[in-house]
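Ligands are counted one by one from 1 in listed order, and the atoms in each one are counted from 1 as well. These figures come from a predicted structure and were not determined experimentally.
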Amino acid sequence: MNCPHTAAAPADRGAGTVVIDPMVQDLDGETARLRDAGVLARIDLLGVPAWTVTRHAEARQLLLDPRLVKDIDAWDLWRSGAVTHAWPLIGMIDAGRSMFTVDGAEHRRLRTKTSQALTPRRLEAIRPEIEKFTQELLDALDAAQGDDGVVDLKSVFAQPLPMRVVGMLMGVDESQHAMLTRQYKAFFSMLTPQDERLALLAELDVFYTDLVREKTARPTDDLTSALILAEEGGEPLTEEEVVGNLKAMVAAGHETTIGLVLNAVRALLSHPGQLRQVLAGEVGWDAVIEETLRWDTPTTHLLMRFATEDITVGDEVIRKGEGLVVSYRAIGRDVEQHGADADAFDITRPTRNRHMTFGHGPHICPGAALSRVEAGIALPALFTRFPGLRLAVPDEEITKLPVMTQNDMTAFPVLLG
Ligand code: STR
């Protein structure tokens, strides 16, 4: 992991470069350093240089700029062979053809069906099932308490819930959920050797391709079948495109919602006054969810877009062929957007809904409404069932997983009270 993946030595990369820590030992410190490094900052991702945007207004503008594309072939470092599949983050970019990796008219063709299936109105239909999963997992939580009363809220509740929801939506059988959870944990972890990561991605491709073939033969009423049957603009999606969308949905729907639910619980437990306001009905759960999304974003850095022309941002220029990351956690703490106290968690903050955590523009998260429904069911149900819920360790002892793009805790030990 220490070996640079490009020819440039660290010293050549400029004094202002923020080195992103693969071990995530100080996320708040890193978020502050990124903001201090400028609107557009140079970062180092395991030896690979890139730009990142750290401010709300400029990120919004860049996310609407058609000169930035997802196509990895627009990246000089990739085309020159300086970045290869040996780079541990390559799977975040070279993820197959899907709505996540394609732009323009083709992107609309790949995305329409998915975004239509995930509108707030369509999601009302699956609300009862999400409520049922939630109640089952609350029972599981109760049953999982150790002799000391301690139980891990992550592995028993926050992790399985989104997997069940996205599994139901996409038609992935429950017998596969534990396998998928294990594989994605290894995929995202920077401690996983790169050959193992590439091998598990290949295994997942086989798994998803088999699933798509099965659904092609026997379509059901899930979104995977709908993608297979869709004819956007008269053209059906190819098998590769359906597989790409399916894996993007499972990876994104699973991983990011874990962060949202856990980060909200953590924020409330460490701000008991605000928890009391919520439990007394003075402030809604929607406010908790939006403020958590702003303050402690599930996605820390989104990789990557590439400039097809020189793009000027303030005093800096993203040169044609260079890569741009969007640092959502820094953007959520933007004082221009949220005021001088942007670093404070405050569910009554007037700008709490004016965050950009789901992105902006054509690629804006198609699952945003789904994650809000999930968290909007899970959080009140958890605190209603266990009003005495509290952390089993001091908050400072909670650690992050060694994941460079996601904001994910190792575990979240609680006492149910
Ligand atoms: C993981 C690996 C894979 O097979 C497919 C994808 C595409 C969608 C990506 C996902 C990735 C990683 C997590 C992402 C998700 C889209 C939204 C999610 C980036 C690369 C976020 O964290 C916002």
Minimum-distance protein heavy atom relative to [atom]:
atom: atom 7 (C) of ligand 1; result: F100 CD2, 3.5 Å
atom: atom 1 (C) of ligand 1; result: F187 CE2, 3.7 Å
atom: atom 3 (C) of ligand 1; result: A95 CB, 4.2 Å
atom: atom 15 (C) of ligand 1; result: A252 CB, 3.7 Å
atom: atom 12 (C) of ligand 1; result: M92 CE, 3.6 Å
atom: atom 20 (C) of ligand 1; result: G91 O, 3.6 Å
atom: atom 10 (C) of ligand 1; result: A251 CB, 4.1 Å

If you measure from the Lys or Arg side-chain nitrogens to the Asp or Glu carboxylate oxygens, is any gap between [X] and [Y] under 4.0 Å?
X: D310; Y: R319; result: yes
X: D21; Y: R33; result: no
X: K132; Y: E129; result: no
X: D103; Y: K70; result: no
X: D334; Y: R35; result: no

Is ligand 1 under 4.0 Å from a heavy atom in the side chain of [X], in the backbone, in both, or in neither?
X: E255; value: neither
X: L302; value: side chain
X: T256; value: side chain

Between T31 and D28, does any side-chain donor sit less than 3.5 Å from a side-chain acceptor?
no

Looking only at N/O atoms, are Y184 and ligand 1 under 3.5 Å apart anywhere?
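The answer is no, given that Y184 and ligand 1 share no N or O pair closer than 3.5 Å.
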
Heavy-atom contacts with A248 under 4.0 Å: which atoms of ligand 1 show up? List them by number with element.
7 (C), 8 (C)

Describe, in one word, how the ring planes of H271 and W295 are oriented to each other, choosing from parallel (under 30°), tilted (30 to 60°) and perpendicular (over 60°).
perpendicular

Take atom CD of Q194 as the centre, draw a 6.0 Å sphere, and report whether it contains more than 12 heavy atoms from other residues, nucleotides or ligands.
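Enclosed: over 12 neighbouring heavy atoms sit under 6.0 Å from CD of Q194.
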
Among K247, Q183, H254, which one has a heavy atom closest to atom 4 (O) of ligand 1?
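Among K247, Q183, H254, the closest heavy atom to atom 4 (O) of ligand 1 comes from K247.
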
